[in-house]
Asks: 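One structure, as structure tokens, below. Some questions next.
We use all heavy atoms of the structure for the numbers below, so side chains are in, but hydrogens, waters and symmetry mates are not. Along the sequence shown, the residues carry numbers beginning at 1.
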Amino acid sequence: MLLQLLLSFSQASSFQELNQCPANYEPGDYNMLFLSTMYAASQCLKYGAKPGIGPIRGTNEFTIHGLWPNFNASKYPSECNSSYPFNMKEIEDLPNLKRNWVSNVNPDEVFYTHEWSKHGTCATDLLPTIRDYFTKTLELHEGLNLQEIFRRAGFEPSSTKQYQKKAVAAALKAALGVDVLLECFTVNKKHMLSGVDVIFDHKADFPLINPGADYVRRYASRCSASFYLPPIPDECYRD
Ligand SMILES: *[C@@H]1O[C@H](CO)[C@@H](O)[C@H](O)[C@H]1NC(C)=O
Ligand SMILES: *[C@@H]1O[C@H](CO)[C@@H](O)[C@H](O)[C@H]1NC(C)=O
């Protein structure tokens, strides 16, 4: 009996490892909330313009990717409640949804469904409904006002000018009071900013916090010492 139990346990655990089955996470099982933004122009340059997809005119230069409950830089919970499926009706009237949170690769609804099922269902301890999750994420993103920080510091979108990582990070720190994480990628030999990420504490008032040393290490080399901030090419707009 005991042997059988041990045997089935070890089979179950090796099956899990081989198939990368997600652990069974409960909503609320996380230490912090990671807000990932995307620099809209770079996303379109990398993934290409697609009809009906991408930024609308007047879009925020930094759009939302998602608000992700995380344990740390290398571990996060996901798919915390499969019995709470996404429903577009809950959020379609939210002001600024389409200005600040758009997909660059597939229809928005597919993107929202993914963000909700994978990440949003894990944050229902603080944000119980789909509408709460999307409303709060839009509010946190608006509170950062990244576009305004860049503008005030003189970091204008440009196809020819490069900006210093140190100067950009310093301007963001001065405005937000915490360190941010910068992400870049290279398209056609141009190294460009692809997004700015910040971390909020797992608390009801969502205070910004500094990324831990594990995040700083992981993100340290994602951007080189200088990078471009390209403008949004005209063909990238969906309308
Ligand atoms: C990340 O969090 C997980 C889950 O709490 C833990 O097992 C792991 O040791 C942590 N890793 C680091 C680098 O802190
Ligand atoms: C999952 O979502 C359903 C539907 O909203 C809810 O009734 C249930 O309590 C949730 N389960 C957990 C573990 O939060």
Asks: Give a yes or no on whether a salt bridge exists between Arg57 and Asp234, defined as a side-chain N under 4.0 angstrom from a carboxylate O.
Replies: yes
Asks: Check salt bridge (charged side-chain N to carboxylate O under 4.0 Å, His left out) between Lys161 and all other residues, then give those that pass, not counting sequence neighbours.
Replies: none
Asks: If a pair satisfies side chain to side chain donor-acceptor pair (under 3.5 Å) and one of its residues is in residues 184-209, list it, with sequence neighbours excluded.
Replies: Tyr30-His202, Ser36-Asp197, Asp125-His202, Thr186-His191, His191-Ser224, Asp201-Lys203
Asks: Can you check side-chain contact (heavy atoms from CB on, under 4.5 Å) on Trp68 and Lys118, steps first, answer last?
Replies: CA-CA 9 Å; Trp68 304 334; Lys118 185 171 179 187; over 6 Å; no
Asks: Is the closest side-chain donor-acceptor distance between Asp132 and Thr129 under 3.5 Å?
Replies: yes
Asks: So, taking the atom named CD1 in Ile199 and the one named CG in Asn70, what distance separates them when rounded to the nearest 0.5 Å?
Replies: 7.0 Å
Asks: Using the test ring-ring contact (aromatic ring centres under 6.0 Å, His included), find all partners of Phe185 that sit at least two apart in sequence or belong to another chain.
Replies: none
Asks: Which residue pairs satisfy the ring pair (Phe, Tyr, Trp, His ring centres under 6.0 Å) criterion with at least one member in residues 205-231, sequence neighbours excluded?
Replies: Phe34-Tyr215
Asks: Check whether Tyr76 and Ile64 end up in the same hydrophobic cluster, where Ile, Leu, Val, Met, Phe, Trp and Tyr are linked by side-chain heavy atoms less than 4.5 Å apart.
Replies: no
Asks: What do you reckon, are the aromatic ring centroids of Phe134 and Tyr112 less than 6.0 Å apart?
Replies: yes
Asks: For Tyr84, give me all partners under ring-ring contact (aromatic ring centres under 6.0 Å, His included), at least two apart in sequence or on another chain.
Replies: Trp116
Asks: Taking it one step at a time, do Leu229 and Met192 satisfy side-chain contact (heavy atoms from CB on, under 4.5 Å)?
Replies: CA-CA 6 Å; Leu229 288 172; Met192 54 186 76; over 6 Å; no
Asks: Is a side-chain donor or acceptor of Arg238 paired with a backbone partner of Ile56 at a separation under 3.5 angstrom?
Replies: no
Asks: Output, in order, the C-alpha distance, side-chain angles, deciding distance and verdict of side-chain contact (heavy atoms from CB on, under 4.5 Å) for Leu182 and Arg222.
Replies: CA-CA 7 Å; Leu182 300 176; Arg222 292 209 178 166; over 6 Å; no
Asks: Checking ring pair (Phe, Tyr, Trp, His ring centres under 6.0 Å) for the pair Phe86/His114: CA distance, chi angles, key distance, verdict?
Replies: CA-CA 8 Å; Phe86 180 72; His114 171 82; over 10 Å; no
Asks: Taking all non-hydrogen atoms of both residues into account, name the closest pair between Pro230 and Tyr39 and its distance.
Replies: O-OH, 2.8 Å
Asks: Between Asn210 and Asp179, which heavy-atom pair has the shortest distance, and what is it?
Replies: OD1-N, 2.7 Å
Asks: For Val105 and Ile53, which heavy atoms make the closest approach, and how far apart are they?
Replies: N-CG2, 3.8 Å
Asks: Quick one: salt bridge (charged side-chain N to carboxylate O under 4.0 Å, His left out) partners of Glu90, sequence neighbours excluded?
Replies: none
Asks: Which atoms form the tightest heavy-atom contact between Pro69 and Pro77, and what is the distance?
Replies: O-CD, 3.2 Å
Asks: So, taking the atom named CG in Leu193 and the one named CD in Glu183, what distance separates them when rounded to the nearest 0.5 Å?
Replies: 9.0 Å
Asks: Holding to salt bridge (charged side-chain N to carboxylate O under 4.0 Å, His left out), I want the full list of residues that pass it with Glu156, two or more places apart in sequence or in another chain.
Replies: Arg151
Asks: Dump the intermediate steps for salt bridge (charged side-chain N to carboxylate O under 4.0 Å, His left out) on Lys75 and Asp214, then the final yes or no.
Replies: CA-CA 11 Å; Lys75 200 166 168 67; Asp214 54 338; over 6 Å; no
Asks: Show the nearest heavy-atom pair for residues Ser226 and Gln164, with the distance to one decimal.
Replies: CB-NE2, 3.7 Å
Asks: For the pair Arg218 (side chain) and Ala73 (backbone), establish whether a donor and an acceptor sit closer than 3.5 Å, ignoring hydrogens and angles.
Replies: yes
Asks: Tyr237: which residues meet the ring-ring contact (aromatic ring centres under 6.0 Å, His included) condition with it, sequence neighbours left out?
Replies: none
Asks: Rounded to the nearest 0.5 Å, what separates atom CE in Met88 from atom CG in Asp108?
Replies: 7.0 Å
Asks: Side chains of Ile149 and Leu176: closer than 4.5 Å at any heavy-atom pair?
Replies: yes
Asks: Using the rule that Ile, Leu, Val, Met, Phe, Trp and Tyr join whenever any side-chain heavy atoms are under 4.5 Å apart, tell me whether Val196 and Val187 fall into a single cluster.
Replies: no
Asks: Looking only at heavy atoms, what is the nearest atom pair of Val178 and Ile209, with distance?
Replies: CG1-C, 3.8 Å
Asks: Judged by modelled atom types alone, do Asn106 and Ser103 share a side-chain donor-acceptor pair under 3.5 Å?
Replies: yes
Asks: Could you tell me which residues satisfy side-chain contact (heavy atoms from CB on, under 4.5 Å) with Glu139, sequence neighbours excluded, listed by chain and number?
Replies: Lys136
Asks: Measure the CG-CG distance between Leu67 and Leu138 for me, rounded to the nearest 0.5 Å.
Replies: 10.5 Å
Asks: With rounding to the nearest 0.5 angstrom, report the CG to CG distance, Leu144 to Leu35.
Replies: 6.0 Å
Asks: Return the set of residues passing side-chain hydrogen bond (donor to acceptor under 3.5 Å, both in side chains) with Trp101 (not counting sequence neighbours), or none when no residue passes.
Replies: none
Asks: Just grab all the ring pair (Phe, Tyr, Trp, His ring centres under 6.0 Å) pairs involving residues 153-183, residues at least two apart or on different chains.
Replies: Phe150-Phe155, Phe155-Tyr163
Asks: Under 4.5 Å between side-chain heavy atoms, counting indirect links through other Ile/Leu/Val/Met/Phe/Trp/Tyr residues: same cluster for Ile130 and Leu127 or not?
Replies: yes
Asks: Output the distance between atom CG (Asn60) and atom OG1 (Thr37), rounded to the nearest 0.5 Å.
Replies: 8.5 Å
Asks: Treating Ile, Leu, Val, Met, Phe, Trp and Tyr as nodes and any side-chain heavy-atom pair under 4.5 angstrom as an edge, say whether Leu94 and Leu140 lie in one connected cluster.
Replies: yes
Asks: side-chain contact (heavy atoms from CB on, under 4.5 Å), that's the test. Do Thr59 and Ile232 meet it? Break it down for me.
Replies: CA-CA 10 Å; Thr59 205; Ile232 298 179; 3.6 Å; yes
Asks: May I have all residue pairs that pass side chain to side chain donor-acceptor pair (under 3.5 Å) and include part of residues 42-55, sequence neighbours excluded?
Replies: none
